[in-house]
Amino acid sequence: MYDSVESMFEKSGAVLNGHFLLASGRHSPVYWEKFQVLQFPEYTVALCTLFARFFRKYNVQLVAGPTTGGVILAFETARQLAVRGIFAEKTSSGCREFRRGFNISPGERVLIVDDILTTGTSVREVVNAVNAKKGLVVGIAVLVDRSETPVDFGVPLFSCLHSVTETYAPENCPLCIQNIPLVKPGSS
């Protein structure tokens, strides 16, 4: 079916080139459209299998992710680990919280999953939501780690693919200087 994680992204059309505004506010010549991969159940299962295999030894009791991509990843990873899967939603203040009756018991061992890691903002928001419920974050798993410098969350970080993709502050973006049209993909 596939040779590598990278080939799943390429075959599904998930790697886009151009001038993109990322959720972090930074600009990039490459955008990883994770939903192009997640639309294929066989790819989603294969990627979440990598998460589950890596974190099985951590005695995960709950898997949590941010909306929107993290919902799918949390569900499938939780299914493979035979635990619950929940998600944290953005509030009007911009932070994340668990709604819909989702609860975390104090000390419950939580694996956080997300799609694309650039600056770590959405992961930190879920970490904060878990901490607010007194859960214990035991690890973080992402589909693609595109960070230019390693992000330290204080727990093990697993990525299916590490692909450093240069990003730019808007005021220093060479793509803006070249007048390449800026595209805001995704739903954020």
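The model shown is predicted, which means the values in this text are computed figures rather than measured ones.
In this structure, the side chain of Ser147 does not engage the main chain of Pro150 through any donor-acceptor pair within 3.5 Å. Remark: side-chain polar atoms of Arg96 are not paired, donor with acceptor, to backbone N or O of Glu125 under 3.5 angstrom. Of the possible donor and acceptor atoms, one in the side chain of Ser7 sits under 3.5 Å from a partner among the backbone N and O of Ser4. Of the possible donor and acceptor atoms, one in the side chain of Glu33 sits under 3.5 Å from a partner among the backbone N and O of Phe35. Remark: the backbone N or O of Asn59 is paired with a side-chain donor or acceptor of Arg109 at under 3.5 angstrom. A donor-acceptor contact shorter than 3.5 Å links the side chain of Thr44 to the backbone of Leu38. Distance alone, capped at 3.5 Å, places no donor-acceptor pair between the Arg84 side chain and the Arg79 backbone. For His19 (side chain) and Ile180 (main-chain N/O), a donor-acceptor pair under 3.5 Å exists by modelled atom type.
By the rule that hydrophobic residues join a cluster once side-chain heavy atoms approach within less than 4.5 Å of another member, Leu73 and Val137 end up as members of separate clusters. Hydrophobic clustering keeps Ile86 apart from Ile72 (ILVMFWY residues linked when any side-chain heavy atoms are closer than 4.5 Å, directly or through intermediates). Following chains of ILVMFWY side-chain contacts shorter than 4.5 Å, one can reach Phe158 starting from Leu136, so the two form part of one hydrophobic cluster. By the criterion of side-chain heavy atoms lying less than 4.5 angstrom apart, applied directly or through intervening Ile, Leu, Val, Met, Phe, Trp or Tyr residues, Val142 is not grouped with Val5; the two fall into different hydrophobic clusters. Placement of Leu175 and Val30 in two distinct hydrophobic clusters is found when ILVMFWY residues are connected by side-chain heavy-atom separations under 4.5 Å, directly or transitively.
More than 12 heavy atoms of other residues, nucleotides or ligands lie within 6.0 Å of CZ in Arg99, so this atom counts as buried by the packing criterion.
Side-chain atoms of Cys176 and Tyr168, non-hydrogen and from C-beta on, never get closer than 4.5 Å to each other. When side chains are defined from C-beta on, Phe40 counts as touching Ser12, because their heavy atoms get closer than 4.5 Å. Looking only at side-chain heavy atoms (C-beta outward), Leu111 and Thr77 come within less than 4.5 Å of each other. Within the 4.5 Å cutoff, the side chain of Phe75 has no heavy atoms near those of the Cys48 side chain. Using a 4.5 Å cut-off on side-chain heavy atoms (C-beta onward), Val83 and Val63 make contact. Side chains of Leu143 and Val37 form no contact here, defined as non-hydrogen atoms less than 4.5 Å apart. Counting heavy atoms from C-beta on, the side chains of Arg146 and Thr165 come closer than 4.5 Å. Counting only heavy atoms from C-beta outward, the side chains of Phe20 and Leu182 never approach each other to under 4.5 Å.
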For Phe98 and Asn103, what are the C-alpha separation, side-chain angles and deciding distance, and is it a side chain to side chain contact (heavy atoms under 4.5 Å, CB included)?
CA-CA 7 Å; Phe98 295 103; Asn103 200 13; over 6 Å; no
Evaluate the side chain to side chain contact (heavy atoms under 4.5 Å, CB included) criterion for residues Thr167 and Thr118: first the C-alpha distance (whole Å), next the side-chain angles of each, then the deciding distance (0.1 Å), finally the verdict.
CA-CA 9 Å; Thr167 64; Thr118 302; 4.2 Å; yes
Carefully, step by step, assess His27 and Asn172 under the rule side chain to side chain contact (heavy atoms under 4.5 Å, CB included).
CA-CA 9 Å; His27 294 194; Asn172 297 324; over 6 Å; no
Start with the C-alpha gap between Thr49 and Gln80, add the side-chain angles, then the distance that decides, and say whether side-chain hydrogen bond (donor to acceptor under 3.5 Å, both in side chains) holds.
CA-CA 7 Å; Thr49 296; Gln80 291 190 31; 2.9 Å; yes
Working for ring pair (Phe, Tyr, Trp, His ring centres under 6.0 Å), residues Phe87 and Phe102
CA-CA 8 Å; Phe87 54 90; Phe102 292 146; 5.1 Å; yes
Could you walk me through whether Val127 and Ile112 pass the side chain to side chain contact (heavy atoms under 4.5 Å, CB included) check?
CA-CA 8 Å; Val127 167; Ile112 295 175; 3.4 Å; yes
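Rounding to the nearest 0.5 angstrom, the gap separating the CD atom in Gln36 from the OH atom in Tyr31 is 10.5 Å. For the atom pair CG of Leu47 and SG of Cys160, the computed distance is 5.0 Å after rounding to the nearest 0.5 Å. Taking CE from Met8 and OH from Tyr43, the interatomic distance works out to 7.5 Å, rounded to the nearest 0.5 Å. We find the NE2-CD distance between His162 and Glu6 to be 12.5 Å, quoted to the nearest 0.5 Å. One finds the CG atom of Leu62 at 10.5 Å from the CG atom of Leu81 (value rounded to the nearest 0.5 Å). Going from atom OG of Ser163 over to atom CD1 of Ile116 covers 9.5 Å, rounded to the nearest 0.5 Å.
Under a 4.0 Å N-O distance rule, the pair Lys134/Glu108 does not qualify as a salt bridge. With respect to the salt-bridge test (charged N to carboxylate O, under 4.0 angstrom), the residues Glu89 and Arg100 qualify.
Taking both residues in full, the closest heavy atoms of Phe55 and Ala141 are given as CE1-CB, 3.8 Å, listed atom of the first, atom of the second, then distance. Across every non-hydrogen atom of Ala74 and Ala64, the tightest pair is CB-C, 4.2 Å. When all heavy atoms are compared, the tightest approach of Gly69 to Asp115 is CA-OD2, 3.6 Å. Residue Phe51 comes nearest to Asp114 through the heavy atom pair CZ-O, 4.3 Å, listed as atom of the first residue, atom of the second, then distance.
Only one option out of Ile104, Val138, Val155 pairs with Val110 in a side-chain contact (heavy atoms from CB on, under 4.5 Å); it is Ile104.
Ring-plane geometry between Phe54 and Tyr58 is classed as parallel, the angle between the planes falling under 30 degrees on a 0 to 90 degree scale with a further cut at 60.
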